[in-house]
Student: 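Below you'll find the structure I mean.
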Amino acid sequence: MADCGKTPIVQRSATADNQSRSTAMKQTDEHSSLKEHRAPLEEDQAPLRELDEWDDFVATRYRQGKSEEEFRNYKADANPTVTEFYRQNHKYQTLDFVLEKKAEYCGLKRGQKSIWEMADYLNTLVDDSDPDTDVTQIEHLLQTAEAIRKEGHPRWFILAGFLHDLGKVLCLYGEPQWAVVGDTFPVGCAYSEQVVFPEFFATNPDGSKSEYQTPYGIYEPNCGLDSVHLSFGHDEYIFRVTQKYLPEQAQYMLRYHSFYAAHRHGAYRHLMNEHDEAMFEWVRKFNPYDLYSKGRERPNTKEILPYYRELVSEFFPDKIDW
Ligand SMILES: [Fe+2]
Ligand SMILES: [Fe+2]
């Protein structure tokens, strides 16, 4: 294990949650909350070696300078584990599943913790097999935030970069990979061909419910994304946790940063309202920092941490609800 990225940011003792970490990436019978939606036992619910494998795939998919033809061939960039991950994600993210997870997590009833305690907790989610090449979760957050800071953006924008993937702690809560990461998409209405691997929706039980398969499904035309349920994952969770402390532009960045079909490909505009359209400018502004800051040098955590401590305390109280 590499020392550099894993030094705890705050000292904390082991918790029950931490003890479950070793099983967080591989689902077991212990996670009773998943009973109804859990895939058959023979299915490996953690096909990705690490969550970053999905992020890396997305970054490759939208590699800068990629031609349109190369882009359309994105499946060639997906290794079998990423493909299997999307197969599960598209199969199990039903409207019922999303509503159940929102009821479970969006009331923020898991107790109070500081942003730093959560960042430190998230940092325990790292691939131990390859410590030299992988940046830790907190390093990805700092790299994203630093890239934003270098270009002179407002403090709330930098903070959004630092926070954007903290919702991945869902994986440490015991959620399977397909409920934590992956491109997000609306449920309860027809799937867009602009979502990656659209053919995998054929196995989603919602696909055979005709009321969910019209363009608007359960929604009204241009009802606004706040009324639309997206597939559940780290975006929605961190949005809910931080919502009341951040300006709206930052809320949109956090909530929709994995909604590539919309912010990259212009899909689902029939569900968006004018306010969403205006706010998506900020989602698009944010996206390159998430995608392209990873290759840069590792941030000097010790040196920049005081800046981020001050930034976090400017917007957040010591402890917030999770
Ligand atoms: Fe993310
Ligand atoms: Fe990210």
Side-chain angles (χ1 to χ4, degrees), residues 5 24-25 48-64 82 85-86 89 93 101 105 115 118-119 121-123 125-127 133-151 153 156-173 175-185 195-196 225 230-243 246 249-264 280 282-296 298-299 301 308 322:
M25 299 294 283
L48 303 173
R49 286 181 298 266
E50 51 176 328
L51 286 191
D52 284 10
E53 222 183 318
W54 169 71
D55 300 88
D56 293 344
F57 167 70
V58 178
T60 307
R61 211 166 82 206
Y62 297 112
R63 200 188 66 231
Q64 281 163 316
V82 165
F85 161 77
Y86 277 111
N89 173 273
Q93 290 269 3
K101 289 296 146 187
Y105 291 114
I115 294 286
M118 256 336 189
Y121 182 38
L122 181 65
N123 228 22
L125 183 69
V126 72
D127 178 25
T133 55
D134 281 302
V135 296
T136 60
Q137 298 292 327
I138 187 94
E139 282 175 313
H140 168 61
L141 294 177
L142 287 170
Q143 273 180 333
T144 307
E146 282 290 279
I148 296 166
R149 177 153 79 126
K150 283 196 180 99
E151 296 194 0
H153 290 297
W156 58 261
F157 194 159
I158 302 166
L159 181 62
F162 178 67
L163 300 169
H164 80 281
D165 275 343
L166 270 186
K168 288 181 180 174
V169 292
L170 285 168
C171 206
L172 296 166
Y173 295 170
E175 291 299 333
Q177 293 171 345
W178 55 262
V180 180
V181 294
D183 300 51
T184 55
F185 52 87
V195 181
V196 279
L225 288 179
L230 297 196
S231 51
F232 188 75
H234 70 287
D235 305 54
E236 181 70 16
Y237 182 51
I238 195 59
F239 158 72
R240 297 284 185 146
V241 168
T242 57
Q243 183 179 14
L246 298 178
Q249 298 95 316
Q251 294 174 26
Y252 266 78
M253 290 171 177
L254 300 190
R255 194 176 201 183
Y256 300 113
H257 75 272
S258 304
F259 193 11
Y260 283 89
H263 70 67
R264 275 274 175 163
F280 261 54
W282 292 101
V283 180
R284 279 188 281 274
K285 243 179 216 149
F286 173 78
N287 185 240
Y289 298 107
D290 186 14
L291 286 182
Y292 308 127
S293 57
K294 216 176 178 186
R296 303 181 182 204
R298 296 180 93 131
T301 309
Y308 286 93
W322 291 84

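Note that these values count all heavy atoms, side chains included, but never hydrogens, waters or copies made by symmetry. Atoms within each ligand, like the ligands themselves, are counted from 1 in listed order. Sequential numbering from 1 along the given sequence is applied to the chain's residues.
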Student: What's the verdict on ring pair (Phe, Tyr, Trp, His ring centres under 6.0 Å) for H153 and Y289, showing C-alpha distance, side-chain angles and the deciding distance?
Tutor: CA-CA 12 Å; H153 290 297; Y289 298 107; 5.6 Å; yes
Student: If you stand at the Fe ion (ligand 1) and look out to OD1 of D165 and NE2 of H234, what angle do those two lines make, to 10°?
Tutor: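 Nearest ten degrees: 90°.
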Student: Quick one: report the N, O or S atom of D290 that is nearest to the Fe ion (ligand 2).
Tutor: OD1
Student: Determine which of the N, O or S atoms in H164 is closest to the Fe ion (ligand 2) and give its atom name.
Tutor: NE2
Student: Is H257 close enough to the Fe ion (ligand 2) that one of its N, O or S atoms comes in under 2.8 Å?
Tutor: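 Checking H257: none of its N, O or S atoms is under 2.8 Å.
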Student: Just verifying a value: how many Å separate E139 CD and T144 OG1, rounded to the nearest 0.5 Å?
Tutor: 11.5 Å
Student: Is Q93 reaching over with its side chain to a backbone N or O of W178, donor-acceptor style, under 3.5 angstrom?
Tutor: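 Yes, the answer is positive, given that a donor and an acceptor are paired below the 3.5 Å cut-off.
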Student: Please answer whether the main-chain N or O of L48 pairs with a side-chain N or O of Q177 as donor and acceptor at a distance below 3.5 Å.
Tutor: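 It does hold such a pair.
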